[in-house]
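Accompanying notes for the structure given below.
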Amino acid sequence: MTHLGDLEAWFVAGSQHLYGDVVLKQVQEHAGLIARALGDSAEIPVKIVAKPVMTDSESIRNLCLEANSSRNCIGLIAWMHTFSPARMWIAGLRSLSKPLMHLHTQFNDELPWSSIDMNFMNLNQSAHGDREFGFIGARMRLRRKIVVGFWQDSAVHAEIGAWIRAACGWHDAQKLKVARLGDNMRNVAVTEGNKVSAQINLCYSVDGYGVGDVVQRIRQVTDAEINKLTAHYDEAYAVAAALRPGGCRRESLREAARIELGLRGFLEETGAHAFTDTFEDLHGLEQLPGIAVQRLMEDGYGFGAEGDWKTAALVRAVKVMSDGLPGGASFMEDYTYHLKNGGQVLGAHMLEVCPSITGEKPTAEIHPLLIGGKADPVRLVFTAASGDAVNASLVDLGSRFRLIINRVNLIPPEHPVPKLPVARGFWTPEPNLKVAATAWISAGGAHHTVLSRALKPEHLENFAEMAGMECLLIDRNTELRAFAKELCWNDAYYHLANGF
Ligand code: MN
């Protein structure tokens, strides 16, 4: 898993030579204080590195090139304490390939009413210095995040933190490998997509492997490794009687552990942090991986079932973005409905739901799968914890990718579901099932999603902006007539913006 604490965002104040050394020294000091305050904020998960005040085009360009090649820099935060003529920024910003935030703040939050003079005005002029910088961003059509507010406000820290988390997800995508074990489920449309377009636009690479490659790795797993892992299962989960030591189906649990160890080893050796499988191609595997996939997701791997590499990559991005936050995230599927009480969704999958979204101790169980013709798979069963969440889907429209986000409210089940042999969550989508499902379906949103209790729509919206990807939000403010128009306008906009 990526540790966000190892990553950095660079904080830079822009200025110019006209002010003289005394003012520039103050600008540098103030920038250092702001960088330190942001770095110390609990909302901000990476280091904030203060860079020297920029006063000319060449140093700005060098800074941007340095940011591009830095392995740990996830983005640049720029602030114009004084006036920095923005043509100086063109060469640098044209080269910058990392995400850009424009922090529009001021060092002093209060006007010093009784003492204000031209020296104060000379130093504290971000009100117009940042407008000059903003113009060049608009003129160059730069993708950027603008955050406005006092640098000590916790709400500003939260906004910066959400952007930084998105930038960490984007940083991870630059080198992400998604391993596909087998192809997509036959005849399914929405899980398909253009892998070359994904690599060009979303940066990650998607590579196919024969399931036999994993089977070979699984065969190398030793009994000692299996003993150790099954002992861990026995402790970490409420293991069903038949799967416990001496139980009649203990061998199935051992086989599940063998699959987990082999799959984990395979992913480590290929350097993939996301993967897919499909129940239609399990040659040589005894069971469809269940507990293995659930636990790999819990450790930060992205996963998509039935060959769904787009969702696998999205789950991985969400895992990185939410690192260190409570709440968890999982591959998910809108599975079945309760159409009473305004409508609720029962989300689940055949097996593969991540235990990070529950507060309860999962049970380890074994049941038939009723599909795929393999041995009964072991899986963890639990119910997702209650609270706000986001449910997001990434689809390929042929000429572009579209991210669809729905705010949902996870709720406890109205009644126990003792016969349901899979992990699940129950939620009401915002604003309600009728509007949310109409909007979702009209936008082409998939049945596969990533569900996150840790993130807000804002994180994913920032991520989409960094990728230049269309993003649609369905929440309490969604109104279907406006949503339908947004779809039409976006078709026209992206057709023009993406050109050929
Ligand atoms: Mn599915």
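Numbering of ligands and ligand atoms starts at 1, following listing order. The structure displayed is predicted, hence computed values, not measured ones.
- Any protein N/O/S atom under 2.8 Å from the Mn ion (ligand 1) was counted, giving 4 altogether.
- Under the salt bridge (Lys or Arg N to Asp or Glu O under 4.0 Å) criterion, Glu360 pairs with no residue, sequence neighbours left out.
- A search for salt bridge (Lys or Arg N to Asp or Glu O under 4.0 Å) contacts involving Glu43 returns nothing, not counting sequence neighbours.
- Side chain to side chain, Ser70 and Asn68 fail the donor-acceptor criterion of an N or O pair below 3.5 Å.
- For Lys456, the NZ atom counts as loosely surrounded, since its 6.0 Å shell holds 12 or fewer non-hydrogen atoms of other residues, nucleotides or ligands.
- The closest side-chain donor-acceptor pair between Asn227 and Arg254 falls under 3.5 angstrom.
- For Asn432, the side chain to side chain contact (heavy atoms under 4.5 Å, CB included) partners at least two apart in sequence or on another chain are Lys434, Val435.
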